[in-house]
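Some notes on the structure that comes next.
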Number of protein chains: 2
Amino acid sequence: MEPYKLFDAEYKFTCLIWDNEPINSTDLVKLSQAVLGWKKSTTYTVLRKLCKRGILKNEEATVTSIVKKEDAQKYESQMVVEKSFNGSLPQFLTAFLGGKGISNEEAEELKRIIEEATKS
Amino acid sequence: MEPYKLFDAEYKFTCLIWDNEPINSTDLVKLSQAVLGWKKSTTYTVLRKLCKRGILKNEEATVTSIVKKEDAQKYESQMVVEKSFNGSLPQFLTAFLGGKGISNEEAEELKRIIEEATKS
DNA sequence: CCATTGGGTTTATTGAGATAAACCTCTTGT
DNA sequence: ACAAGAGGTTTATCTCAATAAACCCAATGG
């Protein structure tokens, strides 16, 4: 498995940690129960797998992330562009915007982001 | 299942059809064998499922698509933005570009696409 | 005639993601 | 002394995507 790949359930779960770390493992069990409807054993099972893969860490009942949200998101975004759009960001953008329009403000924000990434 | 959702294997398979339609079903079997390494039964099994879901059509041994590539890609792009980026395209772009830069030409192309989608 | 090929369907098998039941150990309050 | 709770692990179930084996029938060319 590639380093950062998170499956759907794993992603939702890891989001809880990103938003609340550092978090005590028993509290995490309660949070998962509340937000995802998971039983205690489910939480620990998923947690252990993510720790084994180097995504999370659980030390003395304190859970933190090793891989950060930005890195996981970056990986995710690049995977989808690669797999479904020939690695072409323009193709992705075209498909996403396909047909519908965006507001001027949104357009400005997007262009600003692009500016920022442009090598002078 | 949502209308346009294609799983990995289904997507690769449907790409063959998008790129070659209309295509005779026996030829499609050969093509799937060559490109994907699939057996005949695999091709027919997947084909039948996609027909049942209204994605493809197989009439008198001629296979064509009902859902077009642009529509499937649009769906795919919107799903990933929704599921992993709070539905925010800027968040997606930021993550995708994260750190690395792009060339001037790429930037221009992206801005042109954005221009085009901007309601005046 | 009957072997081959085209055009399929029916029924399995496998593998993995998602979820949890059952169990275990240690500590602590009463 | 013991119930309860914290902090887990082991083992299992269920669903479903991915893939295919085995079978079926009609047409056809030698």
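Computation of the quantities below employed the complete heavy-atom set of this structure, encompassing side-chain atoms and omitting hydrogens, waters and symmetry-equivalent molecules. Each chain gets a letter, A, B and so on, in the order the sequences are listed, and its residues count up from 1.
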Report task. Apply the test side chain to side chain contact (heavy atoms under 4.5 Å, CB included) to residues B/E115 and B/K111: give CA-CA distance (whole Å), side-chain angles for both, the deciding distance (0.1 Å), then the verdict. Result -> CA-CA 6 Å; B/E115 258 346 304; B/K111 284 193 275 190; 5.7 Å; no
**Report entry** Residues B/W38, B/V46; criterion side chain to side chain contact (heavy atoms under 4.5 Å, CB included); working and verdict
**Finding:** CA-CA 10 Å; B/W38 286 9; B/V46 174; 3.8 Å; yes
Report task. Run the numbers on B/V67 and B/L50 for side chain to side chain contact (heavy atoms under 4.5 Å, CB included), then give the verdict. Result -> CA-CA 10 Å; B/V67 172; B/L50 291 171; over 6 Å; no
Query raised in the report: Would A/N104 and B/T118 count as a side chain to side chain contact (heavy atoms under 4.5 Å, CB included) if you check the C-alpha gap in whole Å, the side-chain angles of each, and the deciding distance to 0.1 Å?
Result: CA-CA 6 Å; A/N104 263 317; B/T118 308; 3.3 Å; yes
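For the segment residues 59-66 of chain B, no residue has any heavy atom less than 4.0 angstrom from an atom of DNA chain D. Listed by residue number, the members of residues 17-25 of chain B with any heavy atom below 4.0 angstrom from DNA chain D form an empty set.
Spacing between atom NZ of A/K49 and atom P of D/dG8 amounts to 18 Å, rounded to whole angstrom units. Atoms CG (B/D27) and C1' (C/dG6) sit 11 Å apart, rounded to a whole Å. The nearest whole Å value for the distance from the CG atom in A/L47 to the C1' atom in D/dT10 is 16 Å. When rounded to the nearest whole Å, the span between CD of A/Q33 and P of D/dA6 equals 14 Å. Atom CG in B/L6 sits roughly 13 Å away from atom C1' in D/dA17 (whole-Å rounding). The distance between atom OH of B/Y11 and atom P of D/dA18, rounded to the nearest whole Å, is 14 Å. Rounded to whole angstrom, the span from the CZ atom of B/F7 across to the C1' atom of D/dC16 amounts to 8 Å.
Salt-bridge annotation for B/E21 and B/K69: absent, with no side-chain N of the basic residue lying under 4.0 Å from a carboxylate O of the acidic one.
Residue B/N58 has its side chain nearest to C/dG8 when only C/dA18, D/dG7, C/dG8 are considered.
Across all non-hydrogen atoms, the minimal contact from B/L36 to B/F13 is CD1-CA, 4.0 Å.
Checked against a 6.0 Å centroid threshold, the rings of B/F92 and A/F92 count as neighbours.
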Below 3.5 Å between N/O atoms, which protein atoms pair up with nucleotides 20-23 of chain C? Just atom names and distances, please.
{"from": "C/dA20", "atom 1": "OP2", "to": "A/K39", "atom 2": "N", "distance (Å)": "3.3"}
{"from": "C/dA20", "atom 1": "OP2", "to": "A/T42", "atom 2": "OG1", "distance (Å)": "3.4"}
{"from": "C/dA20", "atom 1": "N6", "to": "A/T45", "atom 2": "OG1", "distance (Å)": "2.9"}
{"from": "C/dA21", "atom 1": "N7", "to": "A/S41", "atom 2": "OG", "distance (Å)": "3.0"}

